[in-house]
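Here is how names work: the chains are called A, B, and so on, in the same order as the sequence lines, proteins then strands, and each is numbered from 1.
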Protein chains: 2
Amino acid sequence: LINHELELFREEYFNLHPYDQARFYLRLSVELRERIYECLSPQEMADIFENLDADDEDYEPILSEMVPQYAADMLANMYTDDAVDVLNELNKEQVASYLTIMDDASAQEIKDLLHYEEYTAGSIMTTEFVSIPEHSTVRSAMAILRSKAPSAETIYYTFVINNEKQLSGVVSLRDLITAEEDMLIKDIMSDRVVSVSVGEDQEEVARTMKDYDFLALPVVDFQNHLLGIITVDDIMDVLDEEASDDYSKLAGVSDMDSRDRTPFRAAKKRLPWLIALLFLGMLTANLIGRFEATLDQVAILAVFIPLIAGMAGNTGTQALAVAIRSIATGDIQDESKWKLIFREAGTGLITGTTCGILVIGIVYVWQGSIFLGLLVGISIFASLIVATLAGSLVPLIMHKFNIDPAVASGPFITTINDIFSILIYFGIATAFMGYLV
Amino acid sequence: LINHELELFREEYFNLHPYDQARFYLRLSVELRERIYECLSPQEMADIFENLDADDEDYEPILSEMVPQYAADMLANMYTDDAVDVLNELNKEQVASYLTIMDDASAQEIKDLLHYEEYTAGSIMTTEFVSIPEHSTVRSAMAILRSKAPSAETIYYTFVINNEKQLSGVVSLRDLITAEEDMLIKDIMSDRVVSVSVGEDQEEVARTMKDYDFLALPVVDFQNHLLGIITVDDIMDVLDEEASDDYSKLAGVSDMDSRDRTPFRAAKKRLPWLIALLFLGMLTANLIGRFEATLDQVAILAVFIPLIAGMAGNTGTQALAVAIRSIATGDIQDESKWKLIFREAGTGLITGTTCGILVIGIVYVWQGSIFLGLLVGISIFASLIVATLAGSLVPLIMHKFNIDPAVASGPFITTINDIFSILIYFGIATAFMGYLV
């Protein structure tokens, strides 16, 4: 590359799969990347960009390395849905300037998709699909597919439309190549077609695709007009993204990205949570402060604070994770919310009883005081029930009010449950002080 | 159904997509399911079973509802990889008895796949694929595809083999239908084919498929012989399973299943973690017990225990989640382990300094003692650094020794960090006791 051995480089480079080309490209310095733009046409660069798995905030600097016309041509050559993903990371002026110097047809396609809100079916669908009218023959359908094959994102599933351009069925390439050439599409298509509406959440779409094992899913408006299709490769990214998102939030890190290269960037994503939790922790400290008189008399009480708070926190995280997962997988319907709550109450009762009895035994043997054992054991018992219920109620209530329940992170629930458990522990201790001193 | 209106039921039922048929089927009582077996042929039942998303432990009772010969015929009619998934849930005698009454060809195919260890490429691949020799023409390849279309899992990607039955390329149906009929497969195939080895972990396979956007991936042995293929629908299930698995472990619930219907089943999955954490918590309590003299003199110290332990726990969980995610996505290579550790140390330093200074200020204003403020602030500072490092080192070390790092759950790291932070806090407090009393 350095030596301008252009042909040799091109040959080597195109021996790689586009995904590997993209990884190689991302590792280069700006100077070397600029050399690449000289070697490759915008069409060739578009293939690489479709496979570029860069951080959201990295697209803007990369695009500005390119000559604007080159960047616009490249975007025009990408699959529309991928180009829109890239453009969504830029500010409005930048988007407008690229669209102005782009050819009109591509610019129009991109504009149509830019309207849809992020994380909806509309934002991940592509308009480069093949649709065929009900009354075509298999022969003419195959001819259409052959001509559209180079530009369409998939030709393995073709959606069938009626005279009003409404979705009426689906036919797979498998069906087409095994059918007689003179048959009508209408007669071989399946009218048992599952579609998603354009405003549907991408997580719902992913779940539908995964459950039904589809390779492509049609997107329709409220009048059942076919607007676009979503292909399975985009859905795999959505599944991964959503899983990673829920995982980050459970751990209390916003938008976790293992490629955060500097400690500053990593700290920036964790500090907001830590500072919020710090203030909640101060609240806990304040709460214990109110029981200073109790503590002064029976210093041994302090010994069990982390145990009780910790157990409440742990069990709350468990209940939280189960509830969030139930909501995310759609296993929760309105009728079964109460079921979940009753089940969690039961689970809390069982775990609380088991751990409570264990603790009474251990503390009695260790400290030789049955009252202290009873105090700690009963506190654990009550805390575990309350914490389990809190862990499942909080996400359910948030879901009810259309707040993403995953925002109720593990550390948040843990800190809330710290407070409950300490109130229970010191409440009981203060009430029965007489037996302890 | 009840009224024996057999034909009507069959008609209605087959209007549903197999996934919906499966959901409907799962909700029925045993009696009604037995009625279904009378209505449907083993072939028809096989379609439903392929889409059955039941709990692992539910397959055995369902199969035993059926007449054994019916069950065996159904298993023989399923795609081999799906049948193997079901059989893997049964004990060896049951598997052997079904295989004995099955037709020989299907039994042999299933036996071949049963050899592969669970969670490897071999265990999720199917042997129902189409391969074509390099020297075929496009015309003969299309003829093969047409004849194999009804039984192959996918015909959209066809793998090409040489005379030694080794994988030499891949050709898509898209390429085939656009190519001239007389061309040789050799000339239109892509020899840039990515394959996975039969013993590879399913998580690795899923990542390869997702990154390269493949619909099917060939599985080879160490001599590059083509053994089977893995299709994208199975990979979506793997992605989901692995994400769910990591998520459960971060929350400290083994094998979380939101469909655990009774509190007993849910409690059984959470109690082992809770009891292990209970003993760790007792260790923490014992540790504080050793500082009882310090506590007796300065009871106010107890007030900040949950704050310090909580902050250490939270930041440890954050670091843990980032490290586990880096390992899971394969972003971690040997060279960059040290980078991750240095970055986490840096992150701990930044978050520790920020939170430490905040705490010194708050405690000073609240309690009016600069020494208490310094004690709590410096403890937070040191605990956050140690906890961040522990959160990233523990999974890295486990990964080094080939232990699944996800086993180091959030609650486990939290409890470990409780202990570190309390040692730091009481250590400093005891050393500088003179300034506090």
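Within a 6.0 Å sphere centred on CZ of Arg146(A), other residues, nucleotides and ligands contribute more than 12 heavy atoms.
With a threshold of 4.5 angstrom between heavy atoms, Ala319(A) approaches chain B through its backbone and through its side chain. The contact between Asp211(A) and chain B is made by backbone and side chain atoms together, counting heavy-atom distances below 4.5 Å. If you measure heavy-atom distances from Asp175(A) to chain B, you find no contacts under 4.5 Å at all. For Ile177(B), the parts lying under 4.5 angstrom from a heavy atom of chain A are both the backbone and the side chain. Contact annotation for Ser147(A): neither backbone nor side-chain heavy atoms come within less than 4.5 Å of a heavy atom of chain B. Only the side chain of Thr415(A) comes within contact range of chain B, with heavy atoms under 4.5 Å apart. The part of Phe279(B) that comes within reach of chain A is its side chain, from C-beta onward, which places non-hydrogen atoms under 4.5 angstrom from that chain. Looking at Thr351(A), the atoms closer than 4.5 Å to chain B (heavy atoms on both sides) sit in the backbone and in the side chain alike. With a threshold of 4.5 angstrom between heavy atoms, Leu239(A) approaches chain B through side-chain atoms but not through N, CA, C or O. For chain A, the nearby part of Thr354(B) is the side chain; its heavy atoms alone come within less than 4.5 Å. Asp191(B) does not touch chain A: none of its heavy atoms, backbone or side chain, sits under 4.5 Å away. For Leu349(A), no part sits under 4.5 Å from any heavy atom of chain B, backbone or side chain.
Between chain A and the residues Asp240(B), Leu283(B), Leu295(B), the most heavy-atom pairs under 4.5 angstrom are made by Asp240(B). Top candidate by heavy-atom pairs under 4.5 Å with chain A, chosen from Asn51(B), Thr178(B), Ile155(B), is Ile155(B). Taking chain A as the reference chain and counting heavy-atom pairs below 4.5 Å, the highest number among Ile380(B), Thr414(B), Val232(B) is found for Val232(B). Counting heavy-atom pairs closer than 4.5 Å to chain A, the top residue among Ala243(B), Ala149(B), Ser190(B), Pro18(B) is Ala149(B). If you tally non-hydrogen atom pairs under 4.5 Å between each of Glu292(B), Met282(B), Gln367(B) and chain A, the highest count goes to Met282(B). Between chain B and the residues Ala206(A), Gly348(A), Ala152(A), Gly313(A), the most heavy-atom pairs under 4.5 angstrom are made by Ala152(A). Per-residue heavy-atom pair counts under 4.5 Å with chain B were compared for Asn286(A), Asp234(A), Leu287(A), and the maximum is reached by Asn286(A). Interface check for chain B: of the options Trp366(A), Tyr19(A), Phe342(A), Phe291(A), the most heavy-atom pairs under 4.5 Å are formed by Tyr19(A). Among Thr154(A), Ile275(A), Ile362(A), the residue with the largest count of heavy-atom pairs under 4.5 Å with chain B is Ile362(A). The residue among Leu384(B), Asp418(B), Val359(B) with the most heavy atom pairs within less than 4.5 Å of chain A is Val359(B).
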| query | What do the steps show when you test Leu274(B) against Gln318(A) for side chain to side chain contact (heavy atoms under 4.5 Å, CB included), and what is the final call? | reply | CA-CA 10 Å; Leu274(B) 287 177; Gln318(A) 292 179 330; 3.8 Å; yes
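Here the straight-line distance linking atom CG of Leu215(B) with atom OG1 of Thr231(A) works out to 9.0 Å at 0.5 Å rounding. In this structure, OG1 on Thr317(A) lies 8.5 Å from CG on Leu250(B), to the nearest 0.5 angstrom. One distance of note links OG1 of Thr284(B) with CZ of Phe304(A); it measures 11.0 Å at 0.5 Å rounding. A distance of 4.0 Å separates OG of Ser172(A) from OH of Tyr156(B), quoted to the nearest 0.5 Å. Summarising the geometry, atom CG belonging to Leu277(A) is positioned 6.5 Å from atom CE belonging to Met311(B); distances are rounded to the nearest 0.5 Å. Atom CG of residue Asp213(B) and atom CG of residue Asp237(A) lie 6.0 Å apart, to the nearest 0.5 angstrom.
Side-chain N or O atoms of Arg192(A) include one that pairs as donor or acceptor with a backbone N or O of Leu16(B) at under 3.5 Å.
When all heavy atoms are compared, the tightest approach of Tyr247(B) to Ile324(A) is OH-CG2, 3.3 Å. Considering all non-hydrogen atoms of both residues, Met236(B) and Met209(A) come closest at CE-O, 3.9 Å. Contact record, Asp296(A) with Ala299(B): OD1-CB, 3.1 Å, taken as the closest heavy-atom pair. Across Ala302(B) and Ile305(A), no two heavy atoms sit closer than the pair O-CD1, 4.1 Å. Of all heavy-atom pairs between Ile288(A) and Pro306(B), the closest is CD1-CG, 3.3 Å.
In this structure, Leu271(B) and Cys355(A) have side chains that are in contact, with non-hydrogen atoms separated by less than 4.5 Å. Considering only heavy atoms from C-beta on, Phe264(B) comes within 4.5 Å of Ile350(A) through its side chain. Between Phe214(A) and Asp233(B), the closest side-chain pair of non-hydrogen atoms is not below 4.5 Å. Side chains of Leu278(A) and Leu307(B) form a contact here, defined as non-hydrogen atoms less than 4.5 Å apart.
Between Glu344(A) and Arg270(B) there is a salt bridge, with a side-chain nitrogen of the basic residue lying less than 4.0 Å from a carboxylate oxygen of the acidic one.
A side-chain N or O of Asp20(A) and one of Tyr212(B) form a donor-acceptor pair less than 3.5 Å apart.
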